[in-house]
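Encoded as structure tokens, the structure appears first; notes follow it.
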Amino acid sequence: MEKFSSEYFRKLAQDLKFDLSPQEIEALKQDFVEVQKQMEQFDAIDTEGVEPMVYPFETPTVFLREDTEADVISQQDALSNSAKVSMGHVHVPKVVK
Amino acid sequence: MKAKYSVQNSYDRLRALQPDLNAVVTFVEEPVCENAEGPLAGVPIVLKDNINTKGLRTTASSRILDNYIPVYDATIVKKLKEAGAVIMAKASMDELGMGGTNRNAYTGPVHNPYDLSRISGGSSGGSAVVVAANAVPLAIGTDTGDSVRKPAAYCGVVGMKPTYGRISRYGIIPYASSLDHVGFFTRNIEDAALALEVLAGRDDHDMTSSFLPAEPYSKQLNGSLEGKKIGIFKTINDAVDNPAMHESFDKLVAGLKEAGAIVDEVEMPVELLDLIAPVYKTISNAEATANHSNLDGIRFGMREDGDSVEEVMTNSRTAGFSSYVRARFVIGSYSLFEENQDHLFRKAQKIRRLLVNSYASLFDNHDVIISFAAPTVAPLIEQSSDIRFGKDRFEEEHMQLDNFSGYPSLTMPLGLDQGLPFGLSVSAKPFQEQVLLDTALGMEKIIDWKGAIE
């Protein structure tokens with residue numbers, strides 16, 4: 001598959017679980033001209049020996065909590081936002097047919 | 001805050017302004033005060049619509065969450081309720097926080113109260129305009145890449161985001177986790193100090209929350225500028241060519257010197273500043289793609305039918321996200337491909353460190369760094385756009401340095417140009433919120449802002 005072809009973007013969108021219209025794909029082709037330029041801009045910067053900055057601070061803020069029940073919600077709450085519920089479960093189309 | 005606003009007047013004003021401003025997504029039917037003795041007892045407030053509120057619709061201005069009713073409160077919502085604040089409404093935003101205009105909201109654009117044909121700025125546009133229009137004295141927003149501070153500058157109010165980790169983000173619909181901050185809008189620095197006092201503090205539910213104790217910021221507030229070391233960010237200001245803005249800035253600098261502050265200029269290499277926007281977009285799009293993979297219409301949110309689980313997800317996400325957001329996900333996902341990571345996502349993270357190292361050095365001999373918040377007043381709605389992945393101007397995007405670094409930062413009104421507000425950006429070292437607020441209070445007195453909507 002040719003890189004940045006319509007089919008390429010359709011496949012990318014499919015992996016992300018949405019569709020793109022032909023117009024949206026054309027707009028993305030323009031965006032990716034800029035993405036390529038930007039990659040060249042990045043490549044021109046010497047980052048030899050520089051560690052990626054993943055978060056602003058490296059001070060530890062995490063801890064291991066006790067292995068006890070916390071922040072429990074009821075089954076009713078857990079299901080309250082699902083569009084389809086059946087017999088106490090989120091209902092989806094059959095997976096194994 | 002407490003003395004000036006009644007819940008009923010505030011509610012009536014919000015309702016009356018809605019046809020013009022389009023700031024609110026959901027009104028609270030019966031606003032209540034849960035603590036009449038708290039520091040914010042009876043203060044009417046508005047929350048950005050990406051903050052989870054138990055039993056109250058929270059859409060993040062996206063169609064995919066149009067029917068979502070949280071079953072829990074975000075930590076900051078609990079804190080605000082315990083302080084006695086009265087939640088009036090949920091405010092419009094750019095969809096899922098992605099944008100700087102508030103044009104990209106499911107309920108349509110938010111309008112600037114100074115000129116309804118202009119943008120509010122975004123992504124926290126709804127929160128900005130309800131404070132600017134004097135409907136509430138406090139509104140909460142979030143700031144991933146200046147999303148509180150830029151709209152505050154466009155709308156003539158104070159917009160603050162403290163240090164990364166200072167306010168809990170638990171219960172807030174994320175955008176880009178390494179850049180997301182909670183922030184807020186007020187009409188003066190004193191109220192900002194009180195708001196921070198209520199909101200700040202460690203939260204075990206947020207793994208990025210700092211263990212450093214929060215301070216009684218409002219009680220310690222001291223506007224003395226004597227001996228304060230203030231750096232003017234010359235590289236940014238030189239790129240701004242509006243004479244009215246420069247006149248106000250120069251007047252402020254003269255006042256600072258008169259008040260005993262030590263003022264000089266600081267610079268950063270333009271070649272580095274030109275990398276702010278591409279680094280921001282690469283990191284934020286990539287993190288957003290991952291964060292929003294849970295929005296699929298299955299367990300919550302708007303579901304579109306399909307013959308298989310995959311088809312339900314695809315149909316729900318296609319109908320649920322705007323074209324603009326889906327494009328950002330594509331770009332974000334591309335930068336995370338194994339073959340592209342070293343050239344895009346990882347590379348952006350490395351350049352982020354270079355940018356932060358350079359920015360941090362500006363603070364070596366300064367308490368705060370100041371500059372124009374934005375190079376212009378709020379653009380007209382039809383002339384504004386969220387450039388998806390093109391060339392940007394660093395003077396437009398420079399406040400993203402505070403998101404990369406996590407440094408505390410605020411914008412405050414500096415003046416009016418042809419009746420439209422423009423703002424001042426003030427930033428300080430990490431966890432130096434008291435210094436930031438103290439200096440801003442001193443500057444507020446010098447600026448003596450008369451442009452507020454009453």
Let's go through A:Arg65 and B:Asp204 carefully: what are the C-alpha distance in whole Å and the side-chain angles of both, what is the deciding distance for side chain to side chain contact (heavy atoms under 4.5 Å, CB included) to 0.1 Å, and is it a yes or a no? CA-CA 9 Å; A:Arg65 68 169 174 81; B:Asp204 284 348; over 6 Å; no
Which atoms of [X] come close to chain A, meaning under 4.5 Å heavy atom to heavy atom: side chain ones, backbone ones, both, or neither?
X	result
B:Phe337	side chain
B:Asp296	neither
B:Ala348	both
B:Thr163	side chain
B:Val312	side chain

Return yes when atom [atom1] of [X] has more than 12 non-hydrogen atoms of other residues, nucleotides or ligands closer than 6.0 Å, and no otherwise.
X	atom1	result
A:Gln36	CD	yes
A:Glu2	CD	no
A:Asp43	CG	yes
A:Lys29	NZ	yes
B:Glu311	CD	yes

Interface moiety of [X] toward chain B, non-hydrogen atoms closer than 4.5 Å:
X	value
A:Val90	side chain
A:Ile73	side chain
A:Leu12	side chain
A:Thr59	neither
A:Lys84	both

How far does [atom1] of [X] sit from [atom2] of [Y], to the nearest 0.5 angstrom?
X	Y	atom1	atom2	answer
A:Asp71	B:His205	CG	NE2	3.5 Å
A:Asn81	B:Leu65	CG	CG	9.0 Å
A:Asp31	B:Arg328	CG	CZ	10.5 Å
A:Phe42	B:Ser335	CZ	OG	9.0 Å
B:Leu275	A:Ile45	CG	CD1	4.5 Å
B:Lys347	A:Met39	NZ	CE	12.0 Å

Parallel, tilted or perpendicular: which describes the rings of [X] and [Y], with under 30° parallel and over 60° perpendicular?
X	Y	value
B:Tyr164	A:Tyr55	tilted
A:Phe18	B:Phe321	perpendicular
B:Phe211	A:Phe63	perpendicular

Measure across [X] and [Y] and return the closest heavy-atom pair with its distance rounded to 0.1 Å.
X	Y	result
B:Arg202	A:Thr61	NH1-O, 3.0 Å
A:Pro56	B:Ser178	CD-O, 3.6 Å
A:Pro93	B:Gly306	CG-O, 3.5 Å

Report the C-alpha distance between A:Phe4 and B:Tyr334 in whole Å, list the side-chain angles of each, state the deciding distance to 0.1 Å, and finish with yes or no for side chain to side chain contact (heavy atoms under 4.5 Å, CB included). CA-CA 11 Å; A:Phe4 304 146; B:Tyr334 179 80; 3.3 Å; yes
Do [X] and [Y] have side chains that approach each other closer than 4.5 Å (heavy atoms only, starting at C-beta)?
X	Y	value
B:Pro278	A:Gln41	yes
A:Asp15	B:Ser333	no
B:Val309	A:Val95	yes
B:Thr208	A:Phe57	no

Working note: B:Leu354 + A:Val50, criterion side chain to side chain contact (heavy atoms under 4.5 Å, CB included); need CA distance, chi angles, decisive distance, verdict. CA-CA 8 Å; B:Leu354 294 179; A:Val50 179; 3.8 Å; yes
Within the side chain of [X], is there an N or O that forms a donor-acceptor pair under 3.5 Å with the backbone of [Y]?
X	Y	answer
B:Arg353	A:Glu51	yes
B:Arg303	A:Ala83	no
B:Thr318	A:Asp19	yes

Please step through salt bridge (Lys or Arg N to Asp or Glu O under 4.0 Å) for the pair A:Glu24 and B:Arg326, ending with a clear verdict. CA-CA 9 Å; A:Glu24 287 168 338; B:Arg326 279 180 283 129; 2.9 Å; yes
So which residue, [options], ends up with the most heavy-atom pairs under 4.5 Å with chain B?
options	result
A:Val54, A:Leu79, A:Val85	A:Val54
A:His91, A:Gln23, A:Gln30	A:His91
A:Lys17, A:Lys37, A:Lys94	A:Lys17

Chain A contacts, top residue of [options] (heavy-atom pairs, under 4.5 Å):
options	answer
B:Glu271, B:Met313, B:His343	B:His343
B:Phe345, B:Tyr407, B:Phe300	B:Phe300
B:Thr314, B:Val71, B:Ile69	B:Thr314

Go through it in stages, so that I can follow the logic: the residues are B:Lys350 and A:Met53, the test is side chain to side chain contact (heavy atoms under 4.5 Å, CB included), and I'd like the CA-CA distance, side-chain angles, deciding distance and then a yes or no. CA-CA 6 Å; B:Lys350 289 179 182 180; A:Met53 188 172 187; over 6 Å; no
